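Only a predicted model underlies this, so the values are computations on that prediction, with no experimental measurement involved.
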Amino acid sequence: MPKKGELSKTARASLANREQLNHLTNRVCASCGERIMLADLQPVKVVGVGMKYYHKEHYKVG
């Protein structure tokens, strides 16, 4: 058992194995028409249309 305030052995191993995966997706930005990297993907559900995908910096609410 880990002491109070410490992570378990499994939790420490899980954090150590986490890596940032960032690759080019097949999704195309509805604003600029370019393919989107995974880290920049902003999916938006549009009523009556379905899903639209944007770069995070291209999507504005309002």
Side-chain angles (χ1 to χ4, degrees):
M1 290 291 293
K3 296 177 184 173
K4 186 174 183 177
E6 292 182 354
L7 294 174
S8 68
K9 182 178 177 182
T10 306
R12 285 194 312 269
S14 175
L15 288 173
N17 290 333
R18 187 177 301 167
E19 57 185 61
Q20 294 289 342
L21 295 177
N22 192 18
H23 61 276
L24 195 60
T25 64
N26 291 330
R27 308 294 185 201
V28 176
C29 181
S31 179
C32 68
E34 295 181 7
R35 288 176 58 188
I36 308 169
M37 295 295 284
L38 184 61
D40 296 330
L41 183 65
Q42 179 67 46
V44 178
K45 190 171 194 175
V46 179
V47 177
V49 177
M51 294 299 289
K52 295 275 187 174
Y53 302 94
Y54 297 91
H55 287 101
K56 285 185 180 177
E57 60 270 5
H58 292 171
Y59 181 70
K60 304 277 190 276
V61 177

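- L41 and M51 fall within a single hydrophobic cluster, where Ile, Leu, Val, Met, Phe, Trp and Tyr side chains are chained together by heavy-atom contacts under 4.5 Å.
- Rounded to the nearest 0.5 angstrom, H55 NE2 and D40 CG are separated by 6.0 Å.
- The cluster map of Ile, Leu, Val, Met, Phe, Trp and Tyr, joined by side-chain heavy atoms under 4.5 Å apart, puts L24 and Y53 in different clusters.
- Of all non-hydrogen atoms in L7 and R12, the two that sit nearest each other are O-NH1, 2.9 Å.
- Minimum interatomic distance between V44 and Y54 (heavy atoms only, all atoms of both residues): CG2-CD1, 3.8 Å.
- For T25 against R35, the heavy-atom pair with the smallest separation is O-NE, 3.0 Å.
- For the pairing with Q42, the side-chain contact (heavy atoms from CB on, under 4.5 Å) check across E57, K56, H58 returns one residue only, K56.
- At least one donor-acceptor pair under 3.5 Å links the side chain of N22 to the backbone N or O of L38.
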